[in-house]
There are 2 protein chains.
Amino acid sequence: MAVTIKDVAKLANVAPSTVSRVIANNPRISERTKRRVREAMEDLGYHPNYNARSLANRSTQTLGLVMPSSADKALQNPFFPEVLRGISTKAHEKEYTLYLSTGATEEEMLEGVMGMVHGRRVDGIVMLYSRIDDKIMAFLEQQNFPFTVIGKPLVNPDSITHVDNDNFRAAKDVTEHFIKKGHTHIAFVGGNLDLVVTVDRLSGYEKALHEADIPYEEDYVVHVEFLKEGGQEAVMELFSLEKPPTALVVADDLMALGIMSKLDEMGLSVPEDVSIISFNNVMLAEYSSPPLTSVDINIFQLGYQAVNCLLEKISDPDSGNKRVCVPHKVVERWTVQTLNDDLEGK
Amino acid sequence: MAVTIKDVAKLANVAPSTVSRVIANNPRISERTKRRVREAMEDLGYHPNYNARSLANRSTQTLGLVMPSSADKALQNPFFPEVLRGISTKAHEKEYTLYLSTGATEEEMLEGVMGMVHGRRVDGIVMLYSRIDDKIMAFLEQQNFPFTVIGKPLVNPDSITHVDNDNFRAAKDVTEHFIKKGHTHIAFVGGNLDLVVTVDRLSGYEKALHEADIPYEEDYVVHVEFLKEGGQEAVMELFSLEKPPTALVVADDLMALGIMSKLDEMGLSVPEDVSIISFNNVMLAEYSSPPLTSVDINIFQLGYQAVNCLLEKISDPDSGNKRVCVPHKVVERWTVQTLNDDLEGK
DNA sequence: TCATTTATTGTAAACGATTTCTTCCTAAAA
DNA sequence: TTTTAGGAAGAAATCGTTTACAATAAATGA
């Protein structure tokens with residue numbers, strides 16, 4: 001079989017425990033012995049067995065990732081690769097590895113997570129989404145297992161460490177941007193309503209309208225899947241209204257792409273006929289035609305910070321719960337039309 | 001601490017070994033005892049510890065995934081999410097979980113993989129790419145560790161289980177498609193030349209030209225990064241030629257998008273001025289404007305089959321090496337222009 | 001010189017399963 | 001009645017580490 005610590009010990013003429021200490025670079029071992037042991041390890045091509053280590057240690061140096069239960073769909077959105085990048089970068093910095101949960105339904109996902117937690121397969125978990133009334137989050141909380149959430153937990157957000165954008169603010173900014181440009185018929189195309197991000201953005205949108213004394217129109221708010229097909233449906237609904245909107249706040253770049261392609265089909269052009277600002281600013285936004293004005297929510301940082309918090313939480317489980325807010329920034333491109341002769345107050 | 005097999009044993013008044021057998025549903029245990037033990041497990045909320053199990057078993061029920069060393073860049077391409085979906089689906093079917101390697105350079109990646117293998121962290125590995133002269137693949141081969149490759153290994157492909165498209169054929173098809181439409185100035189925009197997929201496609205392209213007696217023009221072949229920026233560079237090079245091409249075989253949808261956006265800037269339109277066929281047929285292809293004619297290489301299947309083969313290999317290490325070929329299909333959209341009055345021979 | 005540190009290494013018990021032997025019954029065969 | 005076979009469960013070794021607790025020898029101090 002593989003070479004073990006005992007083999008090394010034998011060759012170096014020391015006890016196994018000594019070898020273990022050499023690996024940990026324990027200062028209580030003399031330099032001379034260390035050298036001898038290291039040589040033996042080299043000679044035999046020794047590599048520690050992680051399972052044995054984890055077992056003895058009760059720590060795995062791996063982090064679990066929980067995707068939305070419909071990982072298949074989620075993965076089609078460039079958000080996830082990017083957040084994965086952030087996660088992976090930080091994890092690698094600290095020599096943690098990643099463990100991907102799989103499962104098609106929420107039920108299966110939960111089972112998987114219970115496996116991770118009870119089976120001590122991971123030291124902590126990053127939830128890549130925040131959904132209202134989520135069983136997995138409830139489970140983790142109840143188990144008091146270290147975890148962080150990307151997005152804002154709806155219930156008691158103060159008692160759960162999470163990293164998020166100020167989505168309320170962001171949506172408000174965007175809506176105000178439109179208003180400043182003279183738009184008054186502004187629609188909101190949001191994702192699934194049980195994602196917290198959606199409700200946050202919706203409130204921001206409402207607030208901006210309210211402050212500008214623009215009446216809130218039920219018909220101008222539509223919720224669809226976080227995918228491109230969704231965008232298409234949305235367009236159908238909105239542009240069959242008596243008074244279709246001139247501006248769209250869209251929850252996701254991909255959805256915006258879908259919308260634009262549908263708009264194109266209908267003979268409407270962006271931004272002449274309808275202006276669009278979407279969220280996420282994934283690479284596509286830059287290369288669509290016309291390039292999308294989009295809110296950069298710094299997806300990479302979301303992932304990076306989430307791991308950062310999680311590791312803190314793992315090393316000190318009693319540390320308080322944090323809330324990290326990653327700044328956003330709307331990057332202007334070519335999908336917004338000015339309707340008034342806006343003098344740019346500022 | 002957590003509840004262990006011993007706790008269960010005590011409560012059920014049996015030996016630990018009996019509990020273990022109940023978990024494995026060993027027929028040598030009577031139904032009555034089984035029931036009793038199961039009840040005890042239920043009562044205590046017992047869950048087996050994976051590390052302990054792995055240690056005793058020498059099997060982990062997890063698969064390692066190796067991304068291209070520049071995972072950050074790779075992840076920006078929709079190819080990976082999609083292949084991940086395929087992998088994740090099959091893995092979940094067979095109750096395997098996934099382990100993601102991290103690392104920025106090839107050196108770091110290799111270290112990570114060595115860790116996985118020597119540390120017995122995974123039962124097998126899926127390589128998500130196939131690069132010429134890849135150290136990681138060499139290592140796995142030399143260690144005789146179960147692994148499968150997505151893409152075709154350049155050296156002794158017969159001795160390495162892999163799943164791939166017939167990229168030669170696909171590129172040839174595409175090029176012939178152009179030729180049939182009357183194009184003779186056909187350029188090839190490929191990815192990094194040390195990816196096997198690139199060389200395969202390039203040969204397909206060459207072959208088609210050759211068979212049609214169209215001279216192969218050095219200047220018409222350009223290699224760039226598998227990303228959008230790459231596409232832009234390519235355009236610059238190609239369209240500053242004396243006789244610019246009228247048709248482009250592009251190795252990747254994302255690159256094609258970049259190319260189109262650049263072309264747009266330069267006042268050239270697709271497909272009127274230049275026709276494009278790209279590879280991968282990711283979702284974007286459908287929603288770009290105009291929608292891209294693209295070769296669907298069935299990315300999901302690539303991942304799914306790769307895991308399939310890997311599991312076979314794991315359960316029977318001496319099973320021969322397989323080559324699975326996933327079929328491709330060009331899906332026609334709106335980026336190809338007919339130049340001749342092609343009577344469509346068929 | 002003898003007691004007491006101090007520096008270094010060894011012993012053996014965890015960690016939480018699996019698995020190979022045994023052992024103990026009970027019932028059938030002789 | 002004795003022997004034997006077989007079914008059911010237990011004992012103990014094992015997987016490869018870590019680590020608490022000695023143990024030893026050299027060094028220090030009085």
Side-chain angles (χ1 to χ4, degrees), chain A residues 1-41 44-62 95 115-123, chain B residues 1-41 44-62 95 115-123:
Chain A
M1 262 288 96
V3 20
T4 81
I5 218 172
K6 283 187 194 161
D7 302 321
V8 176
K10 202 167 296 170
L11 181 61
N13 242 306
V14 295
S17 53
T18 304
V19 177
S20 175
R21 290 191 182 105
V22 171
I23 294 170
N25 201 16
N26 188 316
R28 302 167 47 115
I29 302 292
S30 72
E31 278 310 321
R32 206 163 40 113
T33 328
K34 275 185 186 171
R35 216 173 309 122
R36 211 169 69 237
V37 171
R38 289 204 177 106
E39 228 162 70
M41 300 200 313
L44 296 175
Y46 168 80
H47 283 265
N49 178 311
Y50 279 98
N51 280 312
R53 227 183 218 193
S54 294
L55 186 57
N57 263 342
R58 281 168 219 88
S59 110
T60 60
Q61 290 286 114
T62 96
E95 305 205 278
M116 285 191 200
V117 172
H118 287 135
R120 295 275 125 80
R121 238 172 149 107
V122 301
D123 295 343
Chain B
M1 263 287 96
V3 21
T4 80
I5 218 173
K6 283 188 195 160
D7 302 322
V8 175
K10 202 166 296 170
L11 181 61
N13 241 305
V14 295
S17 51
T18 305
V19 177
S20 174
R21 289 192 182 102
V22 172
I23 293 171
N25 202 16
N26 188 315
R28 301 167 47 117
I29 303 293
S30 73
E31 279 310 321
R32 205 161 42 110
T33 328
K34 276 186 185 169
R35 216 172 309 120
R36 210 168 71 238
V37 170
R38 290 204 177 107
E39 226 163 71
M41 302 200 313
L44 295 175
Y46 169 79
H47 284 264
N49 178 310
Y50 280 97
N51 279 312
R53 221 178 224 199
S54 293
L55 185 56
N57 263 342
R58 273 103 146 196
S59 111
T60 60
Q61 289 284 113
T62 96
E95 306 206 276
M116 285 192 201
V117 171
H118 287 135
R120 295 274 125 79
R121 239 173 150 104
V122 300
D123 295 342

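Worth knowing before you read on, the calculation uses all heavy atoms, side chains too, and leaves out hydrogens, waters and symmetry mates. Each chain gets a letter, A, B and so on, in the order the sequences are listed, and its residues count up from 1. Everything quoted here is computed from the prediction, not taken from an experiment.
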Novice: Looking only at non-hydrogen atoms, find the nearest pair between B:Y46 and B:T4 and report the distance.
Specialist: CE1-C, 3.6 Å
Novice: How many whole angstroms separate atom CZ of A:R36 from atom P of C:dT9?
Specialist: 8 Å
Novice: Using every non-hydrogen atom in the two residues, find where B:D7 and B:A2 come nearest and quote the distance to one decimal.
Specialist: OD2-O, 4.0 Å
Novice: Under 4.0 Å, heavy atoms only, any strand: does A:S54 hit a base, just the sugar-phosphate, or nothing?
Specialist: nothing
Novice: Which whole-number value in Å describes the distance from A:K10 NZ to C:dG10 C1'?
Specialist: 16 Å
Novice: Between the protein and nucleotides 17-19 of chain C, which nitrogen or oxygen pairs are less than 3.5 angstrom apart?
Specialist:
| from | atom 1 | to | atom 2 | distance (Å) |
| --- | --- | --- | --- | --- |
| C:dA17 | OP1 | B:Y46 | OH | 2.7 |
| C:dA17 | OP1 | B:N49 | N | 2.7 |
| C:dA17 | OP2 | B:I5 | N | 2.7 |
| C:dT18 | OP1 | B:R53 | NE | 3.1 |
| C:dT18 | OP2 | B:S20 | OG | 2.5 |

Novice: Starting at atom CG of B:N51, determine the distance to atom P of D:dT17, rounded to an integer number of angstrom.
Specialist: 13 Å
Novice: Please state how far atom NZ in B:K34 lies from atom C1' in D:dG7, giving the value in whole angstrom units.
Specialist: 13 Å
Novice: Under 3.5 Å, which donor-acceptor pairs link side chains of residues 11-29 of chain A to any protein atom two or more places apart or in another chain?
Specialist:
| from | atom 1 | to | atom 2 | distance (Å) |
| --- | --- | --- | --- | --- |
| A:N25 | OD1 | A:K34 | NZ | 2.9 |
| A:N25 | OD1 | A:R38 | NH2 | 3.4 |
| A:N26 | OD1 | A:R28 | N | 2.8 |

Novice: Rounded to whole Å, how long is the line connecting atom CZ of A:R28 with atom C1' of C:dT5?
Specialist: 14 Å
Novice: Whole angstrom is fine here: how far is it from CZ in B:R120 over to P in D:dG16?
Specialist: 9 Å
Novice: Contact class for A:N26 (heavy atom, under 4.0 Å): base, sugar-phosphate, or nothing?
Specialist: nothing
Novice: Taking all heavy atoms of A:R121 and all of B:Q61, pick out the closest pair and write down the distance.
Specialist: NH2-O, 3.6 Å
Novice: Which distance, rounded to the nearest 0.5 Å, do you find between the OG1 of A:T62 and the CZ of A:R120?
Specialist: 12.5 Å
Novice: Side chains of A:E31 and A:R35: does their closest heavy-atom pair fall under 4.5 Å?
Specialist: yes
Novice: Nearest heavy atom decides the nucleotide; on that basis, is B:L55 or B:I29 closer to the 5' end of DNA chain D?
Specialist: B:I29
